[in-house]
A.B. asks: 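Have a look at the structure that comes next, please.
Chain letters run A, B, ... following the sequence lines, proteins first, then strands; residues in each count from 1. Nothing here was measured: the structure is a model prediction, and the numbers come from that model.
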Amino acid sequence: MKSATFFVSGDSASVSVGADDLVRAITAEAARRGIEARIVRTGSRGLYFLEPMFEVDTEEGRLGFRPSGTMAECVAEMFDSDISPKARTCLGLMDDLPWLRRQERLTFERCGIVDPGSVGDYRYHGGFSGLERALGMEPRAIVTAITDSGLRGRGGAGFPAGVKWNTVLGAPGEVKYVCCNADEGDSGTFADRMLMEGDPFLLIEGMTIAALAVGAARGFLYIRSEYPAAIAMMRRAIDAARAGGWLGGDIRGSGSAFDIELREGAGAYICGEETAMLESLEGKRGMVRAKPPLPALEGLFGKPTLVNNVLTLAAVPLIIARGAAYYRDFGMGRSRGTQPFQLAGCVRNGGLVEKAFGITLRALVEDFGGGTATGRPFKALQAGGPLGGYIPEHLLDLPADYEALAEAGFMLGHGGLVVFDDRVDMLAQARFAMEFCARESCGKCTPCRIGAVRGVEVLDRIAAGVEPQKNLALLEDLCTLMTDGSLCAMGGLTPMPVRTALRHFPDDFRRSAAAAE
Amino acid sequence: MTETTPPADMADRIGRILAGHEATEGACLLVLQAIQREFGYVPAQALEPVAKALNLSHADVYGVLTFYHDLRWSPAGRHIVRVCQGEACQAMGARGLTEQLARRLDVGLDETTRDGAVTLESIYCLGNCALAPAVTVDGALYGRATEFLVLERLGTVR
Ligand SMILES: Cc1cc2nc3c(=O)[nH]c(=O)nc-3n(C[C@H](O)[C@H](O)[C@H](O)COP(=O)(O)O)c2cc1C
Ligand code: SF4
Ligand code: FES
């Protein structure tokens, strides 16, 4: 063996558990053996539970390896086996891993495979074919394709993308903007981050197609400051795309112009709410705006603005390249296409699972997730971030579908699934929901600003066993007030985790009261 | 850490930052972020020149400064440890980890040790929820974090 090509994830989560050390181990051992090691830093495959791991190019495909002892031992053993499955730490061919093979990766088809810093590699793997097609299409035809695909917003609300695009396209005005919401504030979610770090050109391509469709020449990408690696990668990719003629005054000689400016958040959850994000992009406090006017008509700097989540825009290139029907054929009911689910928290196999809508929560938590990380009994699944409900075991057979979950009193949100084992105290989780709302409220309306503070106090009284019946009734009233009287979903949905905890785990609210007596 | 003397050349450095944002629409947050990158916090003395240059009121700038959790109006410790308090990390023991660190470092959450060495901060999701609990030490992200890991990192960088 003279040389070998290695693929090691440079994704920040992979690096957080030692991917850089692995690169050093490979480089050192290869040098010792006089083997030329070419190392490609890819994004992540989303197999976080196996990190740190690496892949090696072979004639059969990419072989995966995962150190069990030290990294140096694993690398030495891998070379000793002539880079073959005989090595004890070999995971086999990556394409054969059931965890990956059982997925339906459309948006994440390249993530973890390509070099995210290379336009050439992106093109080699089929990138920019959607944009090339879109450059030859009428704006209305692009919007129609998005409408026909059934794509809905992945930021949380599930609003039909085509309807929104059509509104911006039809809005009067010369100046329009496309804003990508990469605030990804929901705890338990990381798909936007993974995509921006692992396949940044896909997002650029999606934003550019959106701009062609609605008639925007400028775009803004709002990334939360908690994601420095994604910010760096997107900056680099935007520069590379511009240098390659994929952004700028004359995209690939088409005469169409579009460019993207990246702006960084500053640690405010509410700035994920689209109108607060627009305020923040304008440099102001992230105060939620009353709707109407819709951002589609009066958005950034008062101009018609298309706001979409990272995953919504990243689904666009494939829809244009392969056709609306291809995408629409995945999914169930009114939830079309695929959803990148994020398995997180106390789960054995945490990571990214992209599947068509309709898969049951149980299949996600048990078949993909492998149950709890601790091996202790499962207790609750929080779906949809800090504003999402807590789902008990007996409801895990619900399909992951916007309507089915809503009907049962839950939401899918951005697809984050946080598993809790039996050590969790649901009263503490309900209290956290209120506390988080109090901390992150923009302060514009009273039910949210004051209600959340009262909510924490009421839950503390319940926990202390002070007049539990009276305080539970008070909590219920408070939840109703917040749901009905809040201007946005921050205050409006905070009752969801509180109420679902109360409804499905009543013992935790009684136990605390009983213990206090 | 109540009294802080701003650096002598502060006015010049702020002037340069402002000059770099002359043509930018809605620059207030960007400017404050740049000032924080420059000084590690936003000195009170910065508000006046920023307001003036951006044609805003003092209250506008103050409002932006106080809205965002990232922006500080006093310097942090020499090292910053951020422990994720999001639900995925809670499910993996983040509350206990936070308490251990607070006890070990003898500091409250969102406070700085008396010797100014370490600021212990809460943060709500670092996007590392599959490898919880997650922390950052001086900006570097760690997953499957433990008290030992954080103290070791602080030991090596301290
Ligand atoms: C409190 C709050 C936080 C939100 N956070 C995000 C976020 O981090 N990312 C996001 O894309 N959408 C977030 N949303 C939803 C946005 O308001 C908006 O619906 C979305 O960006 C529209 O894009 P989409 O249609 O592609 O989903 C949030 C909403 C609320 C009420
Ligand atoms: S519900 Fe809360 S976050 Fe939303 S506008 Fe009202 S105060 Fe602001
Ligand atoms: S909840 Fe802690 S990293 Fe996401």
A.B. asks: Under a 4.5 Å cut-off applied to non-hydrogen side-chain atoms, are A:D192 and A:H414 in contact?
C.D. replies: yes
A.B. asks: Please flag which part of A:Y269 lies under 4.5 Å from any non-hydrogen atom of chain B: side chain, backbone, both or neither.
C.D. replies: neither
A.B. asks: For A:L352, is it the side chain, the backbone, both or neither that has a heavy atom under 4.5 Å from a heavy atom of chain B?
C.D. replies: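 Neither the backbone nor the side chain of A:L352 comes within 4.5 Å of chain B.
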A.B. asks: Name the region of A:T189, side chain, backbone, both or neither, that has any atom closer than 4.5 Å to a heavy atom of chain B.
C.D. replies: backbone
A.B. asks: Count the heavy-atom pairs under 4.5 Å between each of B:R144, B:R82, B:Q85, B:Q36 and chain A, then report the option with the highest count.
C.D. replies: B:R144
A.B. asks: List the steps and the verdict of side-chain hydrogen bond (donor to acceptor under 3.5 Å, both in side chains) for A:S44 and A:E197.
C.D. replies: CA-CA 8 Å; A:S44 166; A:E197 290 187 36; over 6 Å; no
A.B. asks: Using non-hydrogen atoms and a 4.5 Å limit, figure out which bit of B:L141 sits close to chain A: side chain, backbone, both or neither.
C.D. replies: both
A.B. asks: Against chain B, label A:N349 side chain, backbone, both or neither, depending on which of its atoms sit under 4.5 Å from a heavy atom there.
C.D. replies: neither
A.B. asks: Is A:D422 paired with A:R376 through a side-chain N to carboxylate O contact shorter than 4.0 Å?
C.D. replies: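 Answer for the salt bridge query: yes.
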A.B. asks: Among the options B:A132, B:C125, B:P133, pick out the one with the most heavy-atom pairs lying under 4.5 Å from chain A.
C.D. replies: B:C125
A.B. asks: Who wins among A:G345, A:G350, A:S16 for the most heavy-atom pairs under 4.5 Å with chain B?
C.D. replies: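 Highest number of heavy-atom pairs under 4.5 Å: A:S16.
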A.B. asks: Is A:F432 close to chain B through its backbone or its side chain, or both, or neither, when contacts mean heavy atoms under 4.5 Å?
C.D. replies: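 The side chain, not the backbone.
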A.B. asks: With a 4.5 angstrom heavy-atom cut-off, is it the side chain or the backbone of B:E87 that approaches chain A, or both, or neither?
C.D. replies: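 Contact with chain A is through both the backbone and side chain of B:E87.
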A.B. asks: Can you say whether A:Q342 sits under 4.5 Å from chain B via the side chain, the backbone, both, or neither, judging by heavy atoms?
C.D. replies: neither
A.B. asks: Heavy-atom distance under 4.5 Å to chain B: side chain of A:E184, backbone, both or neither?
C.D. replies: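 Nothing of A:E184, per the 4.5 Å heavy-atom cut-off to chain B.
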A.B. asks: Does a salt bridge link B:R72 with B:E121, judged by any charged N lying under 4.0 Å from a carboxylate O?
C.D. replies: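 B:E121 and B:R72: salt-bridged.
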A.B. asks: For the pair A:K444 (side chain) and A:R289 (backbone), establish whether a donor and an acceptor sit closer than 3.5 Å, ignoring hydrogens and angles.
C.D. replies: no
A.B. asks: Are the side chain of A:D183 and the backbone of A:G185 linked by a donor-acceptor contact shorter than 3.5 Å?
C.D. replies: no
A.B. asks: Quick one: what part of B:I123 sits under 4.5 Å from any heavy atom of chain A, side chain, backbone, both or neither?
C.D. replies: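 When you check distances to chain A, only side chain atoms of B:I123 fall under 4.5 Å.
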A.B. asks: Could you check which of A:R263, A:M287, A:R423, A:E226 has the highest count of heavy-atom pairs closer than 4.5 Å to chain B?
C.D. replies: A:R263
A.B. asks: Only one of A:D508, A:T372, A:D421, A:D425 passes side-chain hydrogen bond (donor to acceptor under 3.5 Å, both in side chains) with A:K379; say which it is.
C.D. replies: A:D508
A.B. asks: Per the salt bridge (charged side-chain N to carboxylate O under 4.0 Å, His left out) rule, what does the pair list look like for residues 428-440 of chain A, sequence neighbours excluded?
C.D. replies: A:R431-A:E435, A:R431-A:D460
A.B. asks: Sort A:T374 into side chain, backbone, both or neither according to what part of it lies under 4.5 angstrom from a heavy atom of chain B.
C.D. replies: neither
A.B. asks: Side chains of B:M92 and B:L131: does their closest heavy-atom pair fall under 4.5 Å?
C.D. replies: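 Sidechains of B:L131 and B:M92: no contact.
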A.B. asks: Are A:D11 and A:R193 close enough for a salt bridge, meaning some N to O gap below 4.0 Å?
C.D. replies: yes
